[in-house]
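In what follows, every chain begins at residue 1, and chains take the letters A, B, ... in the order their sequences are listed.
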Protein chains: 2
Amino acid sequence: MGLTKTEVFTDQQNRVADLAKAFAHPARVAILQLLAQKKACVCGDIVDELPLAQATVSQHLKELKRIGIIQGSIDPPRVCYCIDEVVWQEARQLFGKVFDSVIVEKSCC
Amino acid sequence: MGLTKTEVFTDQQNRVADLAKAFAHPARVAILQLLAQKKACVCGDIVDELPLAQATVSQHLKELKRIGIIQGSIDPPRVCYCIDEVVWQEARQLFGKVFDSVIVEKSCC
DNA sequence: ATTTGTAATCGTAATATTACGATGATTATT
DNA sequence: AATAATCATCGTAATATTACGATTACAAAT
């Protein structure tokens with residue numbers, strides 16, 4: 001056990017969950033904010049901004065890349081990361097949809 | 001190791017991360033959607049809607065309650081859950097703020 | 001007092017995440 | 001070719017999450 005049963009949920013639910021993971025750790029929120037505000041972009045600069053080891057930051061960047069919300073472009077010996085605008089908008093829209101889905105009328109409890 | 005260093009991040013970053021965890025598992029997304037659309041409310045009904053064991057659903061409900069995004073009111077022998085509108089709006093606003101923080105002009109990479 | 005229905009909690013196993021030092025890979029620069 | 005700079009990956013340890021059967025807790029109904 002201990003393995004999420006992704007197959008029993010809808011694609012939308014799994015996608016929301018995956019995109020939410022991008023924001024589900026404060027370090028990743030911090031990284032996304034740095035990238036979003038273009039305060040940093042190169043991996044090394046991000047490392048400098050955060051009180052975490054380089055390996056740890058790299059791991060978070062890898063996770064964000066897996067989710068698809070950031071892209072990395074090589075500029076040796078540097079790697080420059082940036083928000084993937086398409087996925088960012090997808091996330092915004094998906095979350096918007098979820099947040100809008102509350103039926104405001106009286107609660108049943 | 002293996003322990004998130006929450007103390008080195010801002011309150012806002014930690015709160016976003018915590019709220020994101022509410023959506024970071026498909027089962028919790030499904031639960032929140034059921035509650036949001038008032039398709040279910042009583043714990044047992046939620047269990048019936050999901051292909052997960054009662055104990056597992058209860059654990060997810062507990063986590064959602066810890067985060068504060070849902071409330072539970074006792075109506076013995078049932079427990080009725082519902083979205084906490086205040087926290088829901090807080091989440092919507094926080095995520096909105098994060099999503100809006102992207103500077104659209106040219107990327108540096 | 002016993003039974004019934006419902007939900008929480010316990011115990012446990014499997015897997016995932018987080019963190020970091022150390023090492024490796026890559027590519028300019030010398 | 002050797003060096004320096006930068007980032008990814010490996011290995012590992014600690015902790016967290018996910019899932020479920022079994023049990024417990026609780027209150028209503030009998």
Of residues 29-37 of chain A, the positions that come close to DNA chain C - non-hydrogen atoms, cut-off under 4.0 Å
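Within residues 29-37 of chain A, no residue comes under 4.0 Å of DNA chain C.
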Tell me if the CD atom of A:Gln37 is crowded by more than 12 foreign heavy atoms within 6.0 Å.
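Counting other residues, nucleotides and ligands, CD of A:Gln37 exceeds 12 neighbours.
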Over 12 non-hydrogen atoms of neighbours within 6.0 angstrom of CD in A:Gln89
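More than 12 within 6.0 Å, yes.
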Any residue meeting side chain to side chain contact (heavy atoms under 4.5 Å, CB included) with A:Ala30, in chain and number order, not counting sequence neighbours
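Partners of A:Ala30 under the side chain to side chain contact (heavy atoms under 4.5 Å, CB included) test: A:Leu50, B:Phe9, B:Gln13.
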Heavy atoms under 4.0 Å is the rule here; annotate nucleotides 15-30 of chain D 5' to 3' with B where the base is hit, S where only the sugar-phosphate is, and - elsewhere.
S--BBBB-----S---
How many Å lie between CG on B:Asp75 and P on C:dT6, as a whole number?
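The answer, rounded to whole Å, is 11 Å.
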Compare side-chain N and O positions of B:Ser58 against OP1 and OP2 of C:dA7 and report whether any pair is under 4.0 Å apart.
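No, B:Ser58 has no side-chain N/O under 4.0 Å of OP1/OP2 on C:dA7.
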Counting any heavy atom closer than 4.0 Å, what does B:Val42 reach on the DNA or RNA strands: base, sugar-phosphate only, or nothing?
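Sugar-phosphate, no base atom in range.
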Of all residues at least two apart in sequence or in a different chain, which pass the salt bridge (charged side-chain N to carboxylate O under 4.0 Å, His left out) check with A:Asp11?
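Partners of A:Asp11 by the salt bridge (charged side-chain N to carboxylate O under 4.0 Å, His left out) criterion come out as none, since no residue qualifies.
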B:Arg66: salt bridge (charged side-chain N to carboxylate O under 4.0 Å, His left out) partners, not counting sequence neighbours
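B:Arg66: salt bridge (charged side-chain N to carboxylate O under 4.0 Å, His left out) contacts with B:Asp18, B:Glu63.
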If two hydrophobic side chains count as joined below 4.5 Å and joins carry through other members, does A:Leu34 share a cluster with A:Val42?
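Shared cluster, no.
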Test disulfide bond (SG atoms under 2.5 Å apart) on A:Cys43 and A:Cys80; report intermediate values, then the result.
CA-CA 6 Å; A:Cys43 175; A:Cys80 179; over 6 Å; no
Pairs where residues 40-61 of chain B contributes a residue and the test side-chain hydrogen bond (donor to acceptor under 3.5 Å, both in side chains) is met, not counting sequence neighbours
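Output for this query lists B:Arg28-B:His60.
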